[in-house]
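A quick write-up on the structure given underneath.
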Amino acid sequence: MTERTGTTDELTKRLTHPRYPRSNRYDARWTIENQMGPHALWLLEWLAPALGLDALPPHARVLDLGCGRAMTSVFLAREYGVQVTAADLWVKPDDNAVRIAEAGVADRVLPVFAEAHDLPFGEGTFDAIVSIDAYQYFGTNDLYLPTLTRLLKPGGRIGVVVPSLREEIDGAEPPEHLGAYWDPGFWAFHSPAWWRRNWTRSKAVTVETADWLRDGWRDWLLWSEVCAEESPSAFMAGLARQSVELLTADQGRALGFARVVGRRT
């Protein structure tokens with residue numbers, strides 16, 4: 001357990017972000033306790049306008065793929081009135097069901113256990129697919145997107161936000177200033193241009209957005225600093241400290257976030 005240093009009011013003030021007014025309404029402690037990486041609600045709120053979430057019809061069906069502890073699923077149900085399938089491999093549905101019920105959206109969010117390459121849904125099931133800080137773990141294979149987007153209704157959109165590189169790295173070594181902090185898993189981070197090309201080549205979607213979050217690294221660093229200090233999980237606090245070291249060394253030169261949106265063709 002880590003020692004919590006900030007009051008709830010102090011945390012709320014520290015994490016209130018002018019770019020994310022919807023996320024600001026959520027309890028800061030709740031977001032810290034249920035985080036599994038970068039601030040998922042901030043990233044989802046950035047994705048929402050490009051994905052057209054406000055334009056979805058009432059009770060549209062949305063797949064939240066790699067939902068973690070279902071914070072994003074709760075957000076989707078509350079903020080956009082959609083029916084959400086909260087799919088994750090690492091967090092048990094029973095655990096997510098408790099959080100979903102406590103958030104008052106048990107009638108709109110269904111937690112399921114699912115591996116991204118073996119999804120138990122029929123073709124054309126969903127109006128939209130969302131994935132926040134997860135798609136890089138399973139979606140870089142050139143053949144993956146067509147198998148996933150068959151779950152979308154014709155014209156439905158898929159939108160993801162992933163940790164990203166500004167530019168692709170040549171060769172087999174990381175940037176020199178990040179060598180001491182580089183994890184092999186970071187090779188799954190790609191630039192917005194890479195994602196646009198990968199999705200366009202698939203012929204599964206028409207790419208509508210592939211862009212970079214301005215100063216996203218600053219948001220990531222702030223959030224990591226808070227979680228390093230305040231997370232009730234020693235493991236998650238340790239991961240947050242590693243992110244602080246990584247992002248402090250980088251200073252926005254290489255790392256940030258990409259947003260990618262495609263419409264099923």
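When reading the values below, keep in mind they use all heavy atoms of this one structure, side chains included, and skip hydrogens, waters and symmetry mates.
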Inset, instruction - Decide side chain to side chain contact (heavy atoms under 4.5 Å, CB included) for Leu148 and Ile158; before the verdict, give the C-alpha distance in whole Å, the side-chain angles of both, and the deciding distance to 0.1 Å. - result: CA-CA 9 Å; Leu148 177 61; Ile158 175 173; 3.5 Å; yes
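- The side chain to side chain donor-acceptor pair (under 3.5 Å) contacts involving residues 71-81 comprise Arg22-Glu79, Arg25-Glu79, Tyr26-Glu79, Asp64-Thr72, Asp64-Ser73, where partners must be two or more places apart or lie in separate chains.
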I'd like a table of donor-acceptor pairs (distance under 3.5 Å, sequence neighbours excluded) in which one partner is a side-chain atom from residues 171-183, with atom names and distances.
from   : atom 1 : to     : atom 2 : distance (Å)
His177 : NE2    : Asp250 : OD1    : 2.7
Asp183 : OD1    : Gly185 : N      : 2.7

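- Between Tyr20 and Trp42, the two ring planes are parallel [angle under 30°; tilted spans 30° to 60°].
- Within the structure, every pair that satisfies the salt bridge (Lys or Arg N to Asp or Glu O under 4.0 Å) test and touches residues 113-130, not counting sequence neighbours, is listed here: Glu123-Arg264, Asp127-Lys153.
- Using a 4.5 Å cut-off on side-chain heavy atoms (C-beta onward), Ile32 and Val226 make contact.
- The hydrophobic cluster containing Val62 also contains Leu41, counting ILVMFWY residues as joined when their side-chain heavy atoms lie under 4.5 angstrom apart, directly or transitively.
- Partners of Asp142 according to the side chain to side chain donor-acceptor pair (under 3.5 Å) rule, which considers only residues two or more places apart in sequence or in another chain, are Asn198.
- Contacts of Lys92 classified as side chain to side chain donor-acceptor pair (under 3.5 Å), with partners at least two apart in sequence or in another chain: none.
- Shortest non-hydrogen contact noted between Phe113 and Leu89 is CE1-O, 3.4 Å.
- Legend: residues meeting side chain to side chain donor-acceptor pair (under 3.5 Å) with Ser23, ordered by chain and number and at least two apart, are Glu45.
- In this structure, Leu63 and Phe126 approach most closely via the heavy-atom pair N-CD2, 3.6 Å.
- Side-chain contact between Phe186 and Leu165 is absent, with no heavy-atom pair separated by less than 4.5 Å.
- Hydrophobic clustering, with ILVMFWY side chains joined whenever heavy atoms are under 4.5 angstrom apart, keeps Val112 apart from Val82.
- A 4.5 Å side-chain heavy-atom check between Thr31 and Gln35 finds every atom pair outside the cut-off.
- Considering only heavy atoms from C-beta on, Ser224 comes within 4.5 Å of Leu247 through its side chain.
- For the atom pair Leu222 CG and Leu15 CG, the distance stands at 6.0 Å (nearest 0.5 Å).
- At least one donor-acceptor pair closer than 3.5 Å links the side chain of Ser131 to the backbone N or O of Leu65.
- To the nearest 0.5 Å, the span separating CG on Leu76 from CG on Leu44 amounts to 5.0 Å.
- Residues Val260 and Phe257 are members of separate hydrophobic clusters, defined by side-chain heavy-atom contacts under 4.5 angstrom among Ile, Leu, Val, Met, Phe, Trp and Tyr.
- Across all non-hydrogen atoms, the minimal contact from Ala240 to Ala228 is CB-N, 3.5 Å.
- Qualifying side chain to side chain donor-acceptor pair (under 3.5 Å) partners for Arg99, counting only residues two or more places apart in sequence or in other chains: Asn96.
- Note that CH2 of Trp187 and CD1 of Ile169 are 4.5 Å apart. Values are rounded to the nearest 0.5 Å.
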Legend entry - side chain to side chain contact (heavy atoms under 4.5 Å, CB included) between Leu51 and Val130, intermediate numbers included: CA-CA 9 Å; Leu51 190 58; Val130 169; 3.4 Å; yes
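- The ring-ring contact (aromatic ring centres under 6.0 Å, His included) check on Tyr137 picks up Trp90, with sequence neighbours excluded.
- With sequence neighbours excluded, the residues that form a side chain to side chain contact (heavy atoms under 4.5 Å, CB included) with Gln251 are Trp217, Thr248.
- Shown here for Trp223 and Gly37, the closest heavy-atom pair between the two residues is NE1-O, 2.8 Å.
- With rounding to the nearest 0.5 angstrom, the NE2 atom of His17 is 12.0 Å from the CH2 atom of Trp46.
- Within the structure, salt bridge (Lys or Arg N to Asp or Glu O under 4.0 Å) contacts touching residues 195-222 (residues at least two apart or in different chains) are Arg19-Asp219, Arg157-Glu208, Glu208-Arg263, Asp211-Arg259, Asp215-Arg218.
- By the 4.5 Å heavy-atom criterion applied to side chains, Trp220 and Pro163 are counted as neighbours.
- Between the CG atom of Asn141 and the CG atom of Leu145 there is a distance of 10.5 Å, given to the nearest 0.5 Å.
- Atom CD of Glu167 has 12 or fewer neighbouring heavy atoms from other residues, nucleotides or ligands inside a 6.0 Å radius.
- Under the side chain to side chain contact (heavy atoms under 4.5 Å, CB included) criterion, Ala77 pairs with Val84, Val105, Arg108, Val109, not counting sequence neighbours.
- Summarising the geometry of Leu119 relative to Ala114, their closest heavy-atom pair is CD2-CB, 3.9 Å, with the distance given to 0.1 Å.
- Ser233 places a side-chain N or O within 3.5 Å of a backbone atom of Met236 that can act as its donor or acceptor partner.
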Inset, instruction - Give the intermediate values and the outcome of side chain to side chain contact (heavy atoms under 4.5 Å, CB included) for residues Ile132 and Leu47. - result: CA-CA 9 Å; Ile132 303 296; Leu47 174 66; 3.9 Å; yes
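- A donor-acceptor pair under 3.5 Å links the side-chain atoms of Thr125 to the main chain of Gly122, judged by distance alone.
- In this structure the side chain of Leu43 reaches within 4.5 angstrom of the side chain of Pro38, judged on heavy atoms.
- Shown here are the side chain to side chain contact (heavy atoms under 4.5 Å, CB included) partners of Thr206, two or more places apart in sequence or in another chain: Thr265.
- A single hydrophobic cluster is not seen to contain both Trp194 and Val161; linkage of ILVMFWY side chains at heavy-atom distances under 4.5 Å, directly or through other members, places them apart.
- Using modelled atom types, one side-chain atom of Asn34 and one backbone atom of Trp30 make a donor-acceptor pair closer than 3.5 Å.
- Under the 4.5 Å side-chain criterion, counting only non-hydrogen atoms from C-beta, Met71 is not in contact with His39.
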Inset, instruction - Evaluate side chain to side chain contact (heavy atoms under 4.5 Å, CB included) for Tyr144 paired with Tyr135, printing each intermediate quantity in order. - result: CA-CA 11 Å; Tyr144 181 70; Tyr135 193 83; 3.6 Å; yes
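- Taking both residues in full, the closest heavy atoms of Ala116 and Phe138 are given as CB-CG, 3.5 Å, listed atom of the first, atom of the second, then distance.
- With hydrogens and angles ignored, the 3.5 Å screen pairs no side-chain donor or acceptor of Glu33 with any backbone N or O of Ser231.
- Ile129 CD1 to Thr149 OG1: the interatomic distance, rounded to the nearest 0.5 Å, is 7.0 Å.
- No salt bridge links Arg241 with Glu225; every basic N to acidic carboxylate O contact stays at or beyond 4.0 Å.
- Between Trp195 and His190, the ring planes are perpendicular. Angles over 60° get that label, and only those under 30° would be called parallel.
- Between the Glu10 side chain and the Thr7 main chain, a donor and an acceptor come within less than 3.5 Å of each other.
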